[in-house]
K.L.:
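Quick one: the structure is below, and I'll ask about it shortly.
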Amino acid sequence: MHSWVLKSEPDSFGIDHLIAAKNQSTLWDGVRNYMARNNLQAMCVGDRAYFYHSSCKVPGIVGEMQVVATAMPDTTQFDTESHYFDRKSTPEHPLWYAPQLKFVKKYNLVLSRDILEAAGLGDSKIFKSFRLSVIPLTAKEAKIIEKLVASAGKNE
DNA sequence: GCCAACGTTGGC
DNA sequence: GCCAACGTTGGC
C-alpha cells in the first residue's frame, strides 16, 4: 500500500464536500499537471490518500481517503463547457485521468504545516514540491503521519 | 493582495 | 530543443 497527499482548496472542494457526496466518494478530476497525473495513475485500490486543504486559513492535512478505483479518463477534459476542457485531448487518446476516492475519516484537528514540520516532515515533498497537487509519500513519511494521527486521536 | 516558485507555452 | 514570457499555485 502506498500513501499520498492530495491537495484541494476547501472553497472549491473540501473534505466536507466529500462527506456530503454520494457514497462519500468522488472522482479526483480536474488535475492538469503531468507530474500529478502520473501520480494519480500510479495509485492502487486500497492506497491511502491524505486530504490536504490548501489556500485557506489553516493549510494542512484534514483527513483520510482510500482509493476505491484506479484512474480512468477524466471526462471533464472532453466537455467544452467545463473549466477543465482540453482541446488537445481526445476520447481515443485521453490526456488526463482520475481515480475514485472514498472518504475514510476527518481528523478533529488540522495537521498544519507547523505540526507536520515539527514532526520531521520538513524535507517531504509536501514542502519541497509545494506546487504539486498529488504528492507521493515515502513509507517513513507515511509512518510519521500515522503516528501524528494516533496521538491526536487521544485528545478526542 | 503580494510575490516567489515553477510548470507550460510558443517563437525562434 | 532552447529559453524567455506567461500563467497558476499557494503560503503569508
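All chains are named by letter (A, B, ...) in the order of the sequence lines, taking the proteins before the strands, and each is independently numbered beginning at 1. The structure displayed is predicted, hence computed values, not measured ones.
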K.L.:
Please check the phosphate of C/dT9 (OP1 and OP2 only) for any side-chain N or O of A/K7 closer than 4.0 Å.
P.N.:
no
K.L.:
Considering only heavy atoms from C-beta outward, does the side chain of A/V67 approach that of A/Q100 to under 4.5 Å?
P.N.:
no
K.L.:
Rounded off to whole Å, could you give me the CE-to-P distance for the A/M35 and C/dT9 pair?
P.N.:
15 Å
K.L.:
To the nearest Å, give me how far apart CZ (A/R131) and C1' (C/dC6) are.
P.N.:
12 Å
K.L.:
Tell me: NZ of A/K88 to P of B/dT8, nearest whole Å?
P.N.:
10 Å
K.L.:
Under 4.0 Å, heavy atoms only, any strand: does A/Y52 hit a base, just the sugar-phosphate, or nothing?
P.N.:
sugar-phosphate
K.L.:
Whole angstroms only, please: what is the CZ-C1' distance between A/R37 and B/dG7?
P.N.:
14 Å
K.L.:
Test of understanding: with side chain to side chain donor-acceptor pair (under 3.5 Å), list the residues that count as partners of A/N38, not counting sequence neighbours.
P.N.:
none
K.L.:
To the nearest Å, how far apart are A/K57 NZ and C/dG10 C1'?
P.N.:
18 Å
K.L.:
Whole Å only: how far is the CZ atom of A/R32 from the C1' atom of B/dT9?
P.N.:
17 Å
K.L.:
Establish, yes or no, whether a centroid distance under 6.0 Å links the rings of A/Y34 and A/W96.
P.N.:
yes
K.L.:
Looking for any heavy atom pair under 4.0 Å, which part of the strands does A/S55 touch: base, sugar-phosphate only, or nothing?
P.N.:
base
K.L.:
Would you confirm whether the ring centroid of A/W28 sits within less than 6.0 angstrom of the ring centroid of A/F51?
P.N.:
yes
K.L.:
Could you tell me the separation between the CD1 atom of A/I126 and the C1' atom of B/dA5, rounded to a whole number of Å?
P.N.:
18 Å
K.L.:
Figure out the CZ/P separation between A/R113 and C/dT9, and round it to whole Å.
P.N.:
16 Å
